[in-house]
Amino acid sequence: MRIEKCYFCSANVYPGHGTMFVRNDAKCFRFCSSKCHKNFKMKRNPRKVRWTKAFRRSNGKEMVVDTTFEFEKRRNVPVRYDRELVASTLKAMERVSEIRAKRERAFWKNRMSGNTAKNARDTALDIERHLELVQPRKTANTTASIAEKEKIREKLKVRAAGKKAMALQQMGEKGGKKGRKESRLIPAEGGSMGMSLD
């Protein structure tokens, strides 16, 4: 059983599923769904459509370079049937899939490692923006005065500002401050198009 890959999104296309488009030059394009087929007919680039594997690979969201991908390549060399060879191949396939899963988890963990500081900053910003929605904890005397509630809210505001500063500091340590890119345009001398600005 040969499992083809969708030309657009790289999903598996099993026998009897999907559609195949044959161009005038006899090149075959297989699609897993009408969605992929329509996008292909609209001449969309799979690397620019966010839900495709091509986009994820080209933007560093999935592993691209790894030795486990070498095993998946198609080899068009006929091999004489050998029962022991088939058994050892099946064992090796299971082991390779385990190794790949482990490496993909490590890759994902490494990619997501910078998100903790970003999430902390975002939550601190949310608290700052919507401080009026934050309710103080229930205390023994439930009839707290407005002044006490304001005092508690002020404490929350200070705490949120501290968390935000700490998150920004962590983000600065991780990736370094990304300054604004300098313009590549050459600054013009004098007025624009010969008009005086006075």
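Atoms CG and CE, on Asn119 and Met112 in that order, are 10.0 Å from each other to the nearest 0.5 Å. To the nearest 0.5 Å, atoms CZ (Arg56) and OG (Ser10) are separated by 12.0 Å. Atom OG of Ser88 and atom CG of Asp82 lie 8.0 Å apart (nearest 0.5 Å). Atom SG of Cys36 is separated from atom NZ of Lys41 by 12.0 Å, given to the nearest 0.5 angstrom. Note that CZ of Arg111 is 12.0 Å distant from CE of Met63, once rounded to the nearest 0.5 Å. Atom OH of Tyr14 and atom CD of Glu4 lie 12.5 Å apart (nearest 0.5 Å).
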**OP:** Begin from the C-alpha positions of Thr19 and Arg30 and carry the test side-chain contact (heavy atoms from CB on, under 4.5 Å) through to its verdict.
**Re:** CA-CA 6 Å; Thr19 54; Arg30 290 181 181 273; over 6 Å; no

Subject >> Verdict with supporting geometry, Arg95 and Glu98, salt bridge (Lys or Arg N to Asp or Glu O under 4.0 Å) >> reply: CA-CA 5 Å; Arg95 183 74 183 119; Glu98 281 175 31; 3.2 Å; yes

Subject >> side-chain contact (heavy atoms from CB on, under 4.5 Å) between Asn12 and Lys5, intermediate numbers included >> reply: CA-CA 5 Å; Asn12 290 337; Lys5 292 283 183 191; 2.8 Å; yes

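The shortest side-chain heavy-atom distance between Val96 and Met93 does not fall under the 4.5 Å cut-off. Proximity of Met1 to Pro15: side-chain heavy atoms (C-beta onward) are separated by under 4.5 Å at one or more points. Using a 4.5 Å heavy-atom cutoff, the side chains of Pro46 and Cys9 are not in contact. Between His37 and Phe21 there is a side-chain heavy-atom pair separated by less than 4.5 Å. With a 4.5 Å cut-off on side-chain heavy atoms, Val13 and Ile3 do not count as touching. The shortest distance between side-chain heavy atoms of Phe55 and Val49 does not fall below 4.5 Å.
Asn39 places a side-chain N or O within donor-acceptor distance of the main-chain N or O of Lys35, the cut-off being under 3.5 Å. The closest donor-acceptor contact from the side chain of Asn59 to the backbone of Lys61 lies at 3.5 Å or more, if one exists at all.
Phe40 is not connected to Val22 by any chain of hydrophobic side-chain contacts under 4.5 Å among Ile, Leu, Val, Met, Phe, Trp and Tyr, and they are in different clusters. A single hydrophobic cluster is not seen to contain both Phe107 and Ile99; linkage of ILVMFWY side chains at heavy-atom distances under 4.5 Å, directly or through other members, places them apart. Cluster membership check: Trp51 shares its hydrophobic cluster with Tyr7, using side-chain heavy-atom separations under 4.5 Å among Ile, Leu, Val, Met, Phe, Trp and Tyr.
For the residue pair Thr52 / Arg44, no side-chain donor-acceptor distance below 3.5 Å is found, with atom types taken as modelled.
The residues Asp25 and Arg23 are annotated as salt-bridged, a charged nitrogen and a carboxylate oxygen being separated by less than 4.0 angstrom. Between Arg100 and Asp66, no side-chain nitrogen of the basic residue sits less than 4.0 Å from a carboxylate oxygen of the acidic one, so the salt-bridge criterion is not met.
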